[in-house]
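All remarks here apply to the structure that follows.
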Amino acid sequence: MPAIGARRVGVIGAGMVGVCAACWLQRDGHSVFLIESDEPGRGASFGNAGCFNGSSVTPVAMPGVMWNVPRWLFDPLAPLALRWSYLPTIAPWLLRFIRAGTPEEARAAARALRPLVGPTLEALQPLVSAAGAEDLVHRLGHLYVYRSADGLEKDRLAWDMRRENGVEIDEFDADELRQLEPALSRDYVRGVLVRENGHTSNPLELVGRLVENFVRSGGELVRARAHGFRLEAGRLATIETDIGELLADAAIVSAGAYSKPLAAALGDKVPLETERGYHLMIRDPEAMPRIPTADADGKFVATPMDTGLRFAGTVELAGLAAPPNWRRARILLDQGRKMLPGLAASHPEERISVWMGHRPSLPDSLPVLGPSGATPDVIYAFGHGHVGMTSAPMTGKIVADLVTGRPPSIDIAPFSADRFH
Ligand SMILES: Cc1cc2nc3c(=O)[nH]c(=O)nc-3n(C[C@H](O)[C@H](O)[C@H](O)COP(=O)(O)OP(=O)(O)OC[C@H]3O[C@@H](n4cnc5c(N)ncnc54)[C@H](O)[C@@H]3O)c2cc1C
């Protein structure tokens, strides 16, 4: 029996964001269905580095980052790649990205993000515990490692911004680093440990268990592709899909990198792009860090997972349609072997797997979270970029606040869809 005030809510997209929203909405007593065109958790939420980093408040467009771009674009090993044929399409996004890279804008983005990402593990905990998925979430911290003291100094502004937002860090010299993580190459001479951070050792399994529990608790999983909405007198009547119209009096747009046309269907033009990323995994690795470790210069993360060692990272600007460039994943293997010298110099192909996924990214590194312009019944929850796993639990809570009619527990004004006008 639905609770008084309960609404019929359709959540579009069963990635980490949509699934957390569905779970929080269900806990508020709403009658919830997830609409997913593929298998739950097979989008960006499948192959990420699995980190729940409440400390990740700095935008990608940090002041000074643009000075690296020309060098990166001509270096095949660089953390950023652009398909030149895609440049005309992505140019307006890049211009906004450049404009977001001032110290003031970056500081404002960090202040806005911290309440969304900071409480990630606390907001995830009730969902994980209800789903019996505690074994998949670990709070061991996150280590950032540098090959020179100078490298760490170049990141000083980012560390200052994290500290200004309440992130506590511990810095280590080369010897301390060795004791903390003996598997690491001796080329690393500085480390920064953020103890508050956590990770999942299997992102796909985590989403899967949350969905299982959602369905066990009365939620529905509908296999369909949503493409629009029918409004009557400014209120939502149905969600339009390829299997017909689905009755709903509220809808959540959480289709990750594919959310742009759904917002456009309601007249909201958002500059959503995809920053494509890759992973490469080694099954039964000869060496593995104990805790997720980011090579701060190479901008990739090595995460110990239940299914092996995952190297994940890199940004490729090439849109949703272009085929993967698997060389970008292979680069991660070369870099990973340098990070962990205990790894074999070669591995049989059956122990290696690669993946490419689409981060849903706005140029200012903030998501779109809040009601659509056309109706308060459709709530946007997309564009979480590099920190979608981390922001999903709090995003879900805020979505439930909005649908239920409570004031959101954090300031969501910086995330509005019309901030780009
Ligand atoms: C290499 C890499 C490493 C990363 N590492 C981290 C990390 O360590 N920590 C972190 O916090 N974040 C990380 N991220 C980012 C994170 O993975 C994403 O931000 C997050 O997964 C986005 O979740 P989502 O639910 O919005 O999108 P998705 O997981 O992509 O889910 C969207 C879902 O919507 C479905 N869908 C799309 N269109 C429709 C439609 N019209 N109708 C119905 N269904 C539809 C899709 O099939 C998909 O299942 C990483 C990303 C990459 C690429």
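For ligands, and for the atoms within them, numbers begin at 1 and follow the listed sequence.
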Is there a polar contact between ligand 1 and [X], counting only N or O atoms under 3.5 Å apart?
X: G41; result: no
X: H386; result: yes
X: G277; result: no
X: E39; result: no
X: D38; result: no
X: C51; result: yes
X: M16; result: yes
X: G385; result: yes

### Task
From the options A312, G18, A44, select the one whose nearest heavy atom is closest to atom 30 (O) of ligand 1.
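Closest candidate by heavy-atom distance is A44.
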### Query
Taking atom 23 (O) of ligand 1 as the point of reference, which of S45, G15, G388 owns the nearest heavy atom?
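Going through S45, G15, G388 one by one, S45 has the nearest heavy atom to atom 23 (O) of ligand 1.
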### Task
Taking only Lys NZ, Arg NE, NH1 and NH2, and the carboxylate oxygens of Asp or Glu, determine whether E316 and R327 approach each other closer than 4.0 Å.
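So E316 does not pair with R327 through a salt bridge.
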What atoms of ligand 1 come within less than 4.0 Å of a heavy atom belonging to [X]?
X: I35; value: 43 (C), 44 (N)
X: A49; value: 3 (C), 4 (C), 5 (N), 6 (C), 8 (O)
X: G313; value: 1 (C)
X: V387; value: 10 (C), 11 (O), 12 (N)
X: Y278; value: 1 (C)
X: A224; value: 42 (N), 43 (C)

#### Entry: Nearest-0.5 Å distance that lies between atom CG in L332 and atom CD in Q335
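Result: 6.0 Å between the selected atoms.
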Can [X] and [Y] be counted as having a side-chain donor-acceptor contact under 3.5 angstrom?
X: S55; Y: N197; result: yes
X: Y278; Y: N325; result: no
X: D306; Y: S201; result: yes

### Message
With a heavy-atom distance limit of 4.0 Å, tell me whether I12 approaches ligand 1 through its side chain, its backbone, both, or neither.
### Response
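I12 to ligand 1: side-chain contact only, backbone stays beyond 4.0 Å.
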### Query
Can you tell which part of A392 has a heavy atom less than 4.0 Å from ligand 1: side chain, backbone, both or neither?
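For A392, no heavy atom sits under 4.0 Å from ligand 1.
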### Derivation and outcome, salt bridge (Lys or Arg N to Asp or Glu O under 4.0 Å), residues R190 and D155
CA-CA 12 Å; R190 289 288 183 278; D155 261 3; over 6 Å; no
### Query
How far apart are the closest heavy atoms of L157 and P63, and which atoms are they?
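Residues L157 and P63, closest heavy atoms: CD2-CG, 3.8 Å.
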#### Entry: Heavy-atom closest contact (P203 atom, S45 atom, distance)
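Looking at all heavy atoms of both residues, the shortest contact is CB-O, 3.3 Å.
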### Message
Quick check: Y144 with Y146 (ring centres under 6.0 Å apart)?
### Response
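Centroid separation for Y146 and Y144: 6.0 Å or greater.
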### Message
Under 6.0 Å from the ring centre and within 45 degrees of the ring axis: does the NZ or CZ of R96 meet both conditions for the six-membered ring of W93?
### Response
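Negative - R96 is either too far from the ring of W93 or too far off its axis.
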### Query
When you look at CD of E245, are more than 12 heavy atoms from neighbouring residues, nucleotides or ligands closer to it than 6.0 Å?
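For E245, atom CD is crowded (more than 12 foreign heavy atoms under 6.0 Å).
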